[in-house]
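First comes the structure, then the notes that go with it.
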Amino acid sequence: MQDTAAAEAPPQEQQSPPSSAADALSEKLEKIKISSSFSIWPPTQRTRDAVTNRLIETLFTPFILSKRYGTVSPDEASVIAKSIEEEAFAFAAASAAAAATVGATEDPIDGGIEILQVNSKEISKRVLDAVKSRIIPRHIHWQC
């Protein structure tokens, strides 16, 4: 009697396996809807604060440029770092807005990565400019 009950039960629907790895990835992305829930740009305030803190640390501790240009006090490093981060963010945000108006990229993730790279390059450029613009003590300058 148990055998007939099992035979009468409707068969469970089985999903056919994806035909390729690309199809599997596509299905997964569709399920989690990555494009609407994941964003690279703009960075969160927490990320921006982490960047600022790392800049502060870089400016007041010995690093490759400090051998030539010297280090700055923690207070001065804080002011410089905040300024660098804010200016680089504003520059990158303006670039993002300009790119959006001309439709530079269709993929929001790729566009976010490009803008994040603009932001990173601006930060690097501004750190170098800030360090170079400092008055270099004569004894440091001549040791290079």
Side-chain angles (χ1 to χ4, degrees), residues 5-144:
E8 294 175 11
Q12 293 182 354
E13 290 183 29
Q14 292 186 4
Q15 295 179 347
S16 60
S19 60
S20 70
D23 290 341
L25 179 60
S26 179
E27 285 180 18
K28 287 180 182 180
L29 291 177
E30 184 62 33
K31 287 179 183 176
I32 61 174
K33 301 208 185 268
I34 193 167
S35 63
S36 64
S37 64
F38 183 71
S39 174
I40 298 216
W41 186 264
T44 63
Q45 187 60 47
R46 181 176 167 198
T47 300
R48 291 183 65 193
D49 291 343
V51 168
T52 301
N53 290 335
R54 181 67 180 119
L55 286 171
I56 292 167
E57 183 180 327
T58 298
L59 290 168
F60 84 84
T61 58
F63 71 114
I64 192 77
L65 293 174
S66 66
K67 290 180 181 178
R68 182 170 188 166
Y69 300 106
T71 58
V72 297
S73 70
D75 291 338
E76 186 180 3
S78 179
V79 171
I80 293 170
K82 288 175 185 174
S83 175
I84 288 171
E85 195 284 329
E86 288 171 2
E87 291 171 9
F89 179 82
F91 181 87
S95 295
T101 59
V102 296
T105 182
E106 304 255 337
D107 184 0
I109 294 175
D110 286 345
I113 291 170
E114 289 173 15
I115 298 303
L116 197 58
Q117 288 173 336
V118 168
N119 189 50
S120 296
K121 287 178 184 177
E122 273 302 304
I123 288 172
S124 296
K125 179 183 146 197
R126 291 171 190 272
V127 165
L128 190 58
D129 290 346
V131 170
K132 284 182 172 181
S133 70
R134 293 178 36 87
I135 298 174
I136 304 166
R138 191 175 193 99
H139 68 280
I140 293 175
H141 180 72
W142 293 111
Q143 290 177 352
C144 298

[X] side, atom [atom1]; [Y] side, atom [atom2] - distance, nearest 0.5 Å:
| X | Y | atom1 | atom2 | answer |
| --- | --- | --- | --- | --- |
| L55 | I123 | CG | CD1 | 6.0 Å |
| I40 | I113 | CD1 | CD1 | 4.0 Å |
| N119 | E114 | CG | CD | 14.0 Å |
| E85 | S83 | CD | OG | 10.0 Å |
| T52 | E57 | OG1 | CD | 13.0 Å |

Take K132 and L128 through the side-chain contact (heavy atoms from CB on, under 4.5 Å) test and state the conclusion after the steps. CA-CA 6 Å; K132 284 182 172 181; L128 190 58; 3.9 Å; yes
Sub-3.5 Å donor-acceptor pair from the side chain of [X] to the main-chain atoms of [Y], do we have one?
| X | Y | result |
| --- | --- | --- |
| S95 | F91 | yes |
| S78 | P74 | no |
| T47 | P43 | no |

Can you see which heavy atom on [X] is nearest to which on [Y], and at what distance?
| X | Y | result |
| --- | --- | --- |
| V131 | L65 | CG1-CB, 4.1 Å |
| W41 | A96 | NE1-CB, 4.0 Å |
| A77 | F60 | CB-CB, 4.0 Å |
| A81 | I56 | CB-CG1, 3.4 Å |
| I84 | A130 | CD1-CB, 4.1 Å |

Assess the residue pair E87 and R126 against the criterion (side-chain contact (heavy atoms from CB on, under 4.5 Å)); give the C-alpha distance rounded to whole Å, side-chain angles, the decisive distance to 0.1 Å, and a yes or no. CA-CA 9 Å; E87 291 171 9; R126 291 171 190 272; 2.8 Å; yes
One thing to verify: whether E86 and K82 come together as a salt bridge, which I'm taking to mean a side-chain N less than 4.0 angstrom from a carboxylate O. no
Pair K125, D129 - check side-chain contact (heavy atoms from CB on, under 4.5 Å), show working. CA-CA 6 Å; K125 179 183 146 197; D129 290 346; 3.9 Å; yes
For D49 and Q45: C-alpha separation, side-chain torsions, deciding distance, then whether side-chain hydrogen bond (donor to acceptor under 3.5 Å, both in side chains) applies. CA-CA 6 Å; D49 291 343; Q45 187 60 47; 2.8 Å; yes
